[in-house]
Novice: 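Have a look at this one.
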Amino acid sequence: VQLQASGGGLVQAGGSLRLSCTASGGTFGAYAAAWFRQAPGQVREFVAAISGSGRSTSYADSVKGRFTISRDNAKNTMYLQMNSLKVEDTSVYYCAAVRTLSDKYYWTQDHKFDYWGQGTQVTVSS
């Protein structure tokens with residue numbers, strides 16, 4: 001499956017953005033998916049994950065209550081709604097997917113994922 005991330009941009013602190021990750025070349029519902037981010041000089045970190053069905057989700061503590069992950073398998077698309085953005089959310093955001101035997105499970109470790117999008121830059125100004 002190929003992943004294409006989009007929706008990044010420049011926003012002021014306190015603002016909102018919605019990222020999208022569109023999949024092609026596979027049945028998206030058969031894949032658990034997640035968002036990760038990586039700032040310059042920093043290691044890649046987990047942001048949010050979602051099961052293939054969309055019924056199970058997980059969030060990093062740093063974004064819990066501010067970000068919401070969702071998916072529309074009919075559109076082969078995953079979303080990350082980001083509200084109350086902070087300067088420290090500035091990063092390149094990557095979507096990732098891995099085929100699973102069950103649509104109930106998700107993963108949060110980046111080495112579990114086989115497919116990655118190209119990244120989209122999110123910059124939050126003060």
Side-chain angles (χ1 to χ4, degrees):
V1 67
Q2 294 81 44
L3 304 176
Q4 179 77 33
S6 62
L10 173 64
V11 63
Q12 285 192 324
S16 299
L17 279 176
R18 188 176 80 156
L19 305 184
S20 298
C21 177
T22 301
S24 60
T27 302
F28 194 44
Y31 294 78
W35 291 95
F36 292 82
R37 65 187 183 187
Q38 187 169 20
Q42 304 294 319
V43 298
R44 184 165 56 195
E45 65 172 347
F46 166 73
V47 176
I50 190 166
S51 62
S53 67
R55 286 191 286 267
S56 297
T57 59
S58 179
Y59 297 90
D61 288 343
S62 59
V63 306
K64 202 171 293 183
R66 300 187 297 122
F67 290 11
T68 302
I69 189 171
S70 62
R71 67 192 298 162
D72 184 340
N73 288 335
K75 295 182 179 180
N76 287 341
T77 303
M78 174 177 67
Y79 305 97
L80 185 68
Q81 178 66 44
M82 306 186 293
N83 298 329
S84 302
L85 282 161
K86 304 176 180 180
V87 172
E88 51 264 42
D89 293 319
T90 295
S91 195
V92 178
Y93 284 71
Y94 298 91
C95 56
V98 59
R99 180 145 186 145
T100 60
L101 295 178
S102 169
D103 65 358
K104 299 178 182 179
Y105 303 118
Y106 58 80
W107 282 264
T108 62
Q109 306 99 322
D110 60 358
H111 70 271
K112 294 285 192 180
F113 291 86
D114 297 321
Y115 305 98
W116 291 82
Q118 84 290 1
T120 184
Q121 176 71 47
V122 172
T123 303
V124 184
S125 64
S126 59

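We count residues from 1, following the sequence as given. No hydrogens, no waters, no symmetry mates; every other heavy atom, side chains included, goes into these values.
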Novice: For D103, is there any backbone N or O sitting under 3.5 Å from a side-chain donor or acceptor partner on S53?
Specialist: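 Flag set: sc S53 to bb D103 pair under 3.5 Å.
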Novice: Walk me through it: do Q81 and N83 pass the test side-chain contact (heavy atoms from CB on, under 4.5 Å)?
Specialist: CA-CA 7 Å; Q81 178 66 44; N83 298 329; 2.9 Å; yes
Novice: For Y93 and R37, which I'm curious about, is there any donor-acceptor pair between the side chains at under 3.5 Å?
Specialist: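 On atom types as modelled, these side chains qualify, holding a pair under 3.5 Å.
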Novice: Sub-3.5 Å donor-acceptor pair from the side chain of T120 to the main-chain atoms of G8, do we have one?
Specialist: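 Answer holds: yes.
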Novice: Please report the shortest heavy-atom distance between A23 and L3, naming the atom on each side.
Specialist: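 Scanning both residues completely, I find the closest heavy atoms to be CB-CD2, 3.7 Å.
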Novice: Could you tell me whether Q12 atom CD has more than 12 heavy atoms of other residues or ligands within 6.0 Å of it?
Specialist: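 Check fails, neighbour count at 12 or below.
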Novice: Which atoms form the tightest heavy-atom contact between F46 and S58, and what is the distance?
Specialist: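 That closest heavy-atom pairing would be CZ-O, 3.6 Å.
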Novice: Cation-pi between R71 and Y79: NZ/CZ under 6.0 Å from ring centre and within 45° of the ring axis?
Specialist: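 Here R71 fails the 6.0 Å and 45° test against Y79.
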Novice: Between W35 and I50, is there shared hydrophobic-cluster membership here, with clusters defined by ILVMFWY side-chain heavy atoms closer than 4.5 Å?
Specialist: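 W35 and I50: one cluster.
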Novice: Check the hydrophobic clustering (I, L, V, M, F, W, Y; side-chain heavy atoms under 4.5 Å; chains of links allowed) and say if Y94 and V47 are grouped together.
Specialist: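 Per the 4.5 Å side-chain linkage, Y94 and V47 are not co-clustered.
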Novice: Given the rule that I, L, V, M, F, W and Y join up when any side-chain heavy atoms are under 4.5 Å apart, are M78 and V98 in one cluster?
Specialist: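 No, no single cluster joins them.
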Novice: Search all heavy atoms of V87 against all heavy atoms of S125 and return the closest pair with its distance.
Specialist: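 The pair with the smallest heavy-atom distance is CG2-C, 4.1 Å.
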Novice: Just by modelled atom types, is the K104 backbone N or O under 3.5 Å from a matching donor or acceptor in the S102 side chain?
Specialist: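 Side chain of S102 to backbone of K104: a pair is present.
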Novice: I need the minimum non-hydrogen distance between Y106 and S51, along with the two atoms involved.
Specialist: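 Residues Y106 and S51, closest heavy atoms: CB-N, 3.9 Å.
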Novice: Please work out whether the ring planes of W107 and Y105 are parallel, tilted or perpendicular, with thresholds of 30° and 60°.
Specialist: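 Perpendicular: the ring planes of W107 and Y105 meet at over 60°.
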Novice: Is there a side-chain contact between D89 and F67 (heavy atoms, below 4.5 Å)?
Specialist: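 Yes; the side chains approach each other to less than 4.5 Å.
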Novice: Specify the closest pair of heavy atoms between T77 and S20, including all atoms of both residues, with the distance to one decimal.
Specialist: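 That would be CG2-CB, 4.2 Å.
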Novice: Donor-acceptor check, side chain of S91 to backbone of Q38, threshold 3.5 angstrom: yes or no?
Specialist: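 Answer holds: yes.
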Novice: Report yes or no: do V92 and L19 belong to one cluster of Ile/Leu/Val/Met/Phe/Trp/Tyr joined by side chain heavy-atom distances under 4.5 Å?
Specialist: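 No, no single cluster joins them.
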Novice: For the residue pair V43 and E45, establish whether any side-chain heavy-atom pair is separated by less than 4.5 Å.
Specialist: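 Contact flag for V43/E45 side chains = no.
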Novice: To the nearest 0.5 Å, tell me how far K75 NZ sits from T22 OG1.
Specialist: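 With rounding to 0.5 Å, NZ (K75) is 10.0 Å from OG1 (T22).
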Novice: With clusters defined by side-chain heavy atoms of hydrophobic residues (ILVMFWY) lying less than 4.5 Å apart, directly or transitively, does F113 cluster with Y115?
Specialist: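 As far as the 4.5 Å side-chain criterion goes, F113 and Y115 are not connected within one cluster.
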Novice: For V122 and T90, run side-chain contact (heavy atoms from CB on, under 4.5 Å): C-alpha distance rounded to whole Å, both residues' side-chain angles, the deciding distance at 0.1 Å, then the answer.
Specialist: CA-CA 5 Å; V122 172; T90 295; 5.9 Å; no
Novice: Without swapping roles, check the side chain of N76 against the backbone of T27 for a donor-acceptor pair under 3.5 Å.
Specialist: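 No, N76 side chain to T27 backbone: no donor-acceptor pair under 3.5 Å.
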Novice: Counting distance only, does the side-chain N/O of Y59 pair as donor-acceptor with the main-chain N or O of I69 below 3.5 Å?
Specialist: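 At least one qualifying donor-acceptor pair exists.
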Novice: How far apart are the closest heavy atoms of S16 and S84, and which atoms are they?
Specialist: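 So the two residues come closest at OG-N, 4.3 Å.
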Novice: Ring centres of F36 and W116 under 6.0 Å apart?
Specialist: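 Close enough - the centres of the two rings lie under 6.0 Å apart.
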